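Residue numbers start from 1 in every chain, and the chains themselves are labelled A, B, ... in the order their sequence lines are given, proteins ahead of strands. Here the structure is a predicted model, which is why all the values come from computation and not from measurement.
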Protein chains: 2
Amino acid sequence: MNNTTLKEISTVLGLSISTVSRALKNHPDIAEKTKQRVTELATTLDYEPNANAIQLRTSKSNVFGLVVPFISNFFYHSFISSVEEESRRNNYSLMILQSGDDPFVEITNLKLCRQNRISGLFACISTQTTHVEAYLKLKELDIPVIFFDKVPDVGNCNKVCVADEASATMAATAILEKKKKKVLAIFGNNNLLITRKRLSAFTKTIDNKINLLIHHANNAEEAEALTLASLSQNPDTVFCMSDEILTGAMKAIQKSALKVPGDISVIAISNGFIPKLYYPEITYVETSGYKLGKLAFTSMMACLAGSTFMHELTTESILVEGGSI
Amino acid sequence: MNNTTLKEISTVLGLSISTVSRALKNHPDIAEKTKQRVTELATTLDYEPNANAIQLRTSKSNVFGLVVPFISNFFYHSFISSVEEESRRNNYSLMILQSGDDPFVEITNLKLCRQNRISGLFACISTQTTHVEAYLKLKELDIPVIFFDKVPDVGNCNKVCVADEASATMAATAILEKKKKKVLAIFGNNNLLITRKRLSAFTKTIDNKINLLIHHANNAEEAEALTLASLSQNPDTVFCMSDEILTGAMKAIQKSALKVPGDISVIAISNGFIPKLYYPEITYVETSGYKLGKLAFTSMMACLAGSTFMHELTTESILVEGGSI
DNA sequence: ACCATTGTCGCAAACGTTTGCGGCAAATTT
DNA sequence: AAATTTGCCGCAAACGTTTGCGACAATGGT
């Protein structure tokens, strides 16, 4: 069976297509009785407008694109969930694409977005993205692009980020206040801007006041091995830059049968899900993907409303006490 | 700036629109030289076909819908990720909608799918879905619907599921083989088919051979409280029907400072992510969202290829030893 | 020299909407 | 009674494609 069209409704009712169209949109030109007849038949026939035809006619697609390296990630999860929620509420659909951190796939995904004539794009670039041009092309076409989390290192773009420096500073401050003496600090890949930001703010706050062991890990396994190896130096605290690192570190701590916070303290920067899996819950500085999603969305709506002002926004972070320090 | 169209290319080259269209699709009617000129100009002009116009003309949208209660969920994550991967590989896009377990939103999402004239739908129904009619309407429109995970309790639909009975049986068997004597078994909401399936298979396999404490929990907090309360009865093993329940149970075990598996054994049915967070890693029966996604996709492609045969498929489960039992 | 074939290309309709404009009858004002 | 306004509706073009069909020239075969 085929979908009902305006034409079908119009022929059944002996009206013109335009009258039916206007009746369904409650246009003042149409008589009340006619509107009633039309809407009635439309519902019994289960009429649903063809979004493609509408976009073709109006060149308004009401679809947002969202490109991201991986969907399966604690942080992106909540971000996506948040954006999806807002989109639906504002009558937009979401097209979600993942690149798998492959620049070639990333390009393909952008093509797909363009082919679907998206109204706007939320983008988190892959680790090795050098080709920002494909994104800039969208801007040429007057399609707003909101970069989030991992943003390109060039100016003149809209960016929303979690407060990297502030978060790291907050964690470092908490460590100092607790009078810790020797901290094992594990950071991520140093190629990422996010890592460098957090690292510099963290070390700057610690400021050589206490002993600092700094390491970099690319994934949970590396973080676990690293923690295990460093435990011989008897740090009294472990700081983890991210959730993934935290899972690795905790694995090592459990393996070594150390008590938290008795034997060793733990503090992390996190989205909030992982820290609550342990007992005692891990104290963490929250960088909420959910909040970031909301921020990105309002930023997008501002662009669509005509704001050409480029902005860089950050969400506020808060310290969530869990009892691990 | 506007997007390039076939018409623009055609006027620049002094050709007709149809010739340009055919040239870009490598139609045999068109001379090689012409094809070259066209493709060349198309790339310099960054031509991207308008997907909406194509859908309108061909009534083929190449977009799949995917509706799910929540995106932020261990299991759905990997499922979505898997489907997205396959979709892209086969030149389809994915429209992902979440219902928040709200039947009203669920209906709205289905409307959205219909408006976008999706080629097929992957659906996981919300907990209280009673209105399967909206889904059946899609079938009337010859749009294939593949239900996954939480499937409706009616026949004549395509369903792909993890092997609920087999998984529960496998876990129960493992418990029996380890000569355990007293098992605390925590299941989810009994309204869900998935719960009832797992529960009946589990109890059937245990078959009163050993002591069984059965409880139901709707979320992690309930699971934690429940475990904490039941510990006084000294079970030697905890079985968790799902990841969410596992996180609650583990919280209680850590809180009680019990050693795994020395003081108490743990076994679960899981997607695999959560069990690996602990040390020792939790032994679990794997129900892979990734595999289920692949299965769902092949099922979808079969439908699109014309298969009208309704099927119920299940993925195989495997026991992953972790050292917690 | 003629006819048939082959190689290239354009015409025009169609997909389902939206919307400016104009038409016509009834109602209202002069 | 004539002129104007108002209420209601239809015509037709346009959005960007695809595709059956026909047109025309060049080529080949007799």
Side-chain angles (χ1 to χ4, degrees), chain A residues 1-39 41-42 45-63 91 111 114-119 141-142, chain B residues 1-39 41-42 45-63 91 111 114-119 141-142:
Chain A
M1 212 181 75
N2 282 325
N3 271 295
T4 314
T5 68
L6 289 183
K7 190 197 288 190
E8 286 175 31
I9 299 183
S10 73
T11 56
V12 171
L13 257 37
L15 292 170
S16 76
I17 297 181
S18 27
T19 303
V20 175
S21 172
R22 282 189 256 253
L24 288 174
K25 322 187 86 67
N26 209 19
H27 193 285
D29 265 13
I30 308 299
E32 275 308 322
K33 280 180 279 182
T34 314
K35 286 182 188 172
Q36 277 194 18
R37 290 173 58 213
V38 170
T39 49
L41 184 59
L45 253 46
D46 237 326
Y47 171 76
E48 291 291 345
N50 186 325
N52 296 284
I54 294 179
Q55 126 72 17
L56 191 57
R57 175 57 227 256
T58 63
S59 48
K60 272 282 298 168
S61 72
N62 273 41
V63 174
N91 261 310
K111 272 190 205 287
R114 285 186 50 196
Q115 291 179 7
N116 282 83
R117 302 295 189 263
I118 56 166
S119 315
L141 295 168
D142 301 317
Chain B
M1 211 183 74
N2 282 324
N3 272 294
T4 313
T5 67
L6 290 183
K7 190 197 288 191
E8 287 175 31
I9 299 183
S10 72
T11 55
V12 172
L13 258 36
L15 292 169
S16 75
I17 297 182
S18 28
T19 303
V20 175
S21 172
R22 281 189 257 252
L24 288 173
K25 322 187 87 67
N26 208 19
H27 192 286
D29 264 12
I30 308 298
E32 275 308 323
K33 280 181 278 181
T34 314
K35 285 183 188 171
Q36 277 194 19
R37 291 173 60 214
V38 170
T39 49
L41 184 60
L45 252 47
D46 237 327
Y47 171 75
E48 290 292 345
N50 186 326
N52 296 282
I54 295 178
Q55 125 73 18
L56 191 57
R57 175 59 227 257
T58 62
S59 48
K60 272 282 296 170
S61 72
N62 273 42
V63 173
N91 262 309
K111 271 190 205 289
R114 285 187 48 197
Q115 291 177 8
N116 282 82
R117 302 296 189 261
I118 55 166
S119 313
L141 295 168
D142 301 317

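- When the shell of 6.0 Å around NZ of B/Lys60 is examined, it contains more than 12 heavy atoms from other residues, nucleotides or ligands.
- A/Ser18 and A/Ser21 share no side-chain donor-acceptor pair at under 3.5 Å.
- Straight-line distance from the CD1 atom of A/Ile30 to the P atom of C/dT19: 13 Å, rounded to whole Å.
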Which atom pairs link the protein and nucleotides 20-26 of chain C when you take only N or O atoms and keep those under 3.5 Å?
from   : atom 1 : to      : atom 2 : distance (Å)
C/dG20 : O6     : A/Arg22 : NH2    : 2.7

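- The shortest distance between the side-chain N/O atoms of B/Thr5 and the OP1/OP2 oxygens of D/dC15 is not below 4.0 Å.
- Put simply, CG on A/Asn2 is 12 Å from C1' on C/dG16, counting in whole angstrom units.
- When the shell of 6.0 Å around CG of B/Asn2 is examined, it contains 12 or fewer heavy atoms from other residues, nucleotides or ligands.
- If you check every strand for non-hydrogen atoms under 4.0 Å, A/Ser59 touches nothing.
- Residues B/Asn50 and A/Gln115 have side chains not in contact (no heavy-atom distance under 4.5 Å, counting atoms from C-beta outward).
- Nearest-nucleotide assignment on DNA chain C puts the 5′-proximal partner with A/Asn3, out of A/Asn3 and A/Thr19.
- Taking atom CD1 of residue A/Ile9 and atom P of nucleotide C/dG16, one finds them 12 Å apart after rounding to whole Å.
- Rounded to whole Å, the distance from CG on B/Leu56 to P on C/dA13 is 17 Å.
- No side-chain heavy atom of A/Tyr47 sits under 4.5 Å from any side-chain heavy atom of A/Leu41.
- Taking the side chain as every heavy atom from C-beta outward, B/Pro49 and B/Ile54 approach each other to under 4.5 Å.
- Atom CG of B/Asn50 and atom C1' of D/dG16 are 6 Å apart (whole Å).
- One interatomic measurement links the two molecules: CD1 of A/Ile17 to P of D/dC11, which rounds to 9 Å at whole-angstrom precision.
- Taking atom CG of residue A/Asn52 and atom C1' of nucleotide C/dT17, one finds them 11 Å apart after rounding to whole Å.
- With no hydrogens or angles considered, a side-chain donor-acceptor pair links A/Ser119 and A/Ser61 at under 3.5 Å.
- A straight line from CG of A/Leu13 to P of D/dG10 spans 10 Å, rounded to a whole angstrom.
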